[in-house]
Enquirer: 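One structure, pasted below without further comment.
Because the structure is a prediction, the values reported are computed rather than measured. Just so it is clear, the values below take in all heavy atoms, side chains as well, and ignore hydrogens, waters and symmetry mates.
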Amino acid sequence: MIHIVTGKINSNKTTKLLEMYQKNPVGDGFLSIKVMDNNKVLHYDLLELSTNISTTFIVHTKHDSTHFERSIPLGPYIFDLDQRDIVNNKIQTLLEERVEPIYLDEIGILEVRGLYFYDIVKELVESGLEVYITVRDSLVEDVLKTFDIKEYEIIT
């Protein structure tokens, strides 16, 4: 079953996902933690739930002090492809070991376009495992269609 935590931008989707994991700390996955300075986004850190280790994986071009060896741009952000590969490999291992639930934060326009986490989200959907993802409310229909998600629960 795919559980989709949804809402508008800055509506605490990530916080809700983290609280769900903390309430019942089984399974594993990754959250996207926004790092701000006043009201400006500096970067996003990727937090692995089971280890509580975070690594920068998205930077805002105005505040880019990190230079990724391999990256993909989207709007004012640069996405690290090496971190994407690390996430994909870890989630692939979770799938092989049938760990559940698996959490993956912020499925968005890149995935709808067939990029970034697209391949691993496709595998998550096809796995039949308990999966929790976050999706901005304006993209839910696109994500459902892109990944042909039939059985799901919307969490607001």
Enquirer: Would you say Phe68 and Val59 make side-chain contact, with heavy atoms under 4.5 Å?
Expert: yes
Enquirer: Return the set of residues passing side-chain contact (heavy atoms from CB on, under 4.5 Å) with Asn89 (not counting sequence neighbours), or none when no residue passes.
Expert: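 Once residues adjacent in sequence are excluded, Asn89 has no partner under the side-chain contact (heavy atoms from CB on, under 4.5 Å) criterion.
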Enquirer: Is any side-chain heavy atom of Val143 closer than 4.5 Å to a side-chain heavy atom of Ile149?
Expert: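 Side-chain contact under 4.5 Å: yes.
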Enquirer: Given Val135, which partner from the list Ile154, Ile107, Leu144 fulfils the side chain to side chain contact (heavy atoms under 4.5 Å, CB included) test?
Expert: Ile107
Enquirer: Which residue, Ile58, Ile78, Thr56, forms the side chain to side chain contact (heavy atoms under 4.5 Å, CB included) with His43?
Expert: Thr56
Enquirer: Which residues satisfy the salt bridge (Lys or Arg N to Asp or Glu O under 4.0 Å) test with Asp37, sequence neighbours excluded?
Expert: none
Enquirer: Rounded to the nearest 0.5 Å, what's the gap from CG on Leu81 to CD on Glu69? Could you check?
Expert: 11.5 Å
Enquirer: Can you list everything that forms a side-chain contact (heavy atoms from CB on, under 4.5 Å) with Thr146? Sequence neighbours excluded, please.
Expert: Val112, Tyr118
Enquirer: Do the side chains of Phe117 and Asn88 get nearer than 4.5 Å, heavy atoms only?
Expert: yes
Enquirer: Can you tell me which residue pairs pass the ring-ring contact (aromatic ring centres under 6.0 Å, His included) test with a partner in residues 87-112, sequence neighbours excluded?
Expert: Tyr21-Tyr103, Tyr103-Tyr132
Enquirer: Taking a hydrophobic cluster as the set of Ile, Leu, Val, Met, Phe, Trp and Tyr residues connected by side-chain heavy atoms closer than 4.5 Å, whether directly or through intermediates, do Val41 and Phe57 fall within one such cluster?
Expert: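 Same cluster.
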Enquirer: Is the closest side-chain heavy-atom distance between Leu129 and Leu124 below 4.5 Å?
Expert: no
Enquirer: Kindly write out the residues that satisfy ring-ring contact (aromatic ring centres under 6.0 Å, His included) with Tyr77, not counting sequence neighbours, or none if the list is empty.
Expert: Tyr44, His60
Enquirer: Which residues pass the side-chain hydrogen bond (donor to acceptor under 3.5 Å, both in side chains) test with Lys23, not counting sequence neighbours?
Expert: none
Enquirer: From Ile2 CD1 over to Leu104 CG, what is the distance, rounded to the nearest 0.5 angstrom?
Expert: 10.5 Å
Enquirer: Under 3.5 Å, is there a donor on one side chain and an acceptor on the other for Asp80 and Ser71?
Expert: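 The criterion, which ignores hydrogens and geometry beyond distance, is not satisfied for Ser71 and Asp80.
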Enquirer: Would a 4.5 Å heavy-atom cut-off, applied to side chains only, mark Ser32 and Lys34 as touching?
Expert: no
Enquirer: How about Gln22: does its CD atom have over 12 heavy atoms from other parts shown lying under 6.0 Å from it?
Expert: yes
Enquirer: Restricting to salt bridge (Lys or Arg N to Asp or Glu O under 4.0 Å), what partner residues turn up for Lys122, sequence neighbours left out?
Expert: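 Here the qualifying residues are Glu126.
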Enquirer: Quick one: does Ile155's side chain get under 4.5 Å of Glu153's, heavy atoms only?
Expert: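 Side-chain contact under 4.5 Å: yes.
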Enquirer: With heavy-atom distances below 4.5 Å as the criterion, would you say the side chains of Phe30 and Leu47 are in contact?
Expert: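 A side-chain contact is absent here, since even the closest heavy-atom pair is not under 4.5 Å.
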Enquirer: Between atom CG of Leu46 and atom OG of Ser54, what is the distance when rounded to the nearest 0.5 Å?
Expert: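 Going from CG on Leu46 over to OG on Ser54, the span is 8.5 Å.
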Enquirer: May I have the step-by-step check of side chain to side chain contact (heavy atoms under 4.5 Å, CB included) for Ile120 and Gln92, ending in yes or no?
Expert: CA-CA 7 Å; Ile120 204 65; Gln92 187 64 49; 4.0 Å; yes
Enquirer: Run the salt bridge (Lys or Arg N to Asp or Glu O under 4.0 Å) test against Asp28 and tell me which residues pass, sequence neighbours left out.
Expert: Lys90
Enquirer: Could you pull out all residues at least two apart from Lys145 that satisfy salt bridge (Lys or Arg N to Asp or Glu O under 4.0 Å)?
Expert: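 Per chain and number, Lys145 pairs via salt bridge (Lys or Arg N to Asp or Glu O under 4.0 Å) with no residue.
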Enquirer: Could you state the interatomic distance from CD1 (Ile133) to CD1 (Ile102), rounded to the nearest 0.5 Å?
Expert: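 Going from the CD1 atom of Ile133 to the CD1 atom of Ile102 covers 12.0 Å.
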Enquirer: Checking one residue: Met1. Which other hydrophobic residues are in its cluster under the side-chain 4.5 Å linking rule?
Expert: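 None; Met1 is a cluster of one.
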Enquirer: Out of curiosity, Leu74 CG to Leu115 CG, how far, rounded to the nearest 0.5 Å?
Expert: 9.0 Å
Enquirer: Looking at Lys150 and Asp148, does any basic side-chain N land under 4.0 Å from a carboxylate oxygen?
Expert: yes
Enquirer: Check whether Lys13 reaches the backbone of Lys8 with its side chain - one donor and one acceptor, N or O, closer than 3.5 Å.
Expert: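 Such a contact is found between Lys13 side chain and Lys8 backbone.
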Enquirer: Mark yes or no for whether Thr6, through its side chain, and Asp137, through its backbone, hold a donor-acceptor pair below 3.5 Å.
Expert: yes
Enquirer: Of all residues at least two apart in sequence or in a different chain, which pass the side-chain contact (heavy atoms from CB on, under 4.5 Å) check with Ser138?
Expert: Arg136
Enquirer: So which pairs with a foot in residues 105-115 pass side-chain hydrogen bond (donor to acceptor under 3.5 Å, both in side chains), sequence neighbours left out?
Expert: Thr14-Asp105, Asp105-Thr134
Enquirer: Minimum heavy-atom separation for Ile72 and Tyr116, please, with both atom names.
Expert: CG2-CD1, 4.0 Å
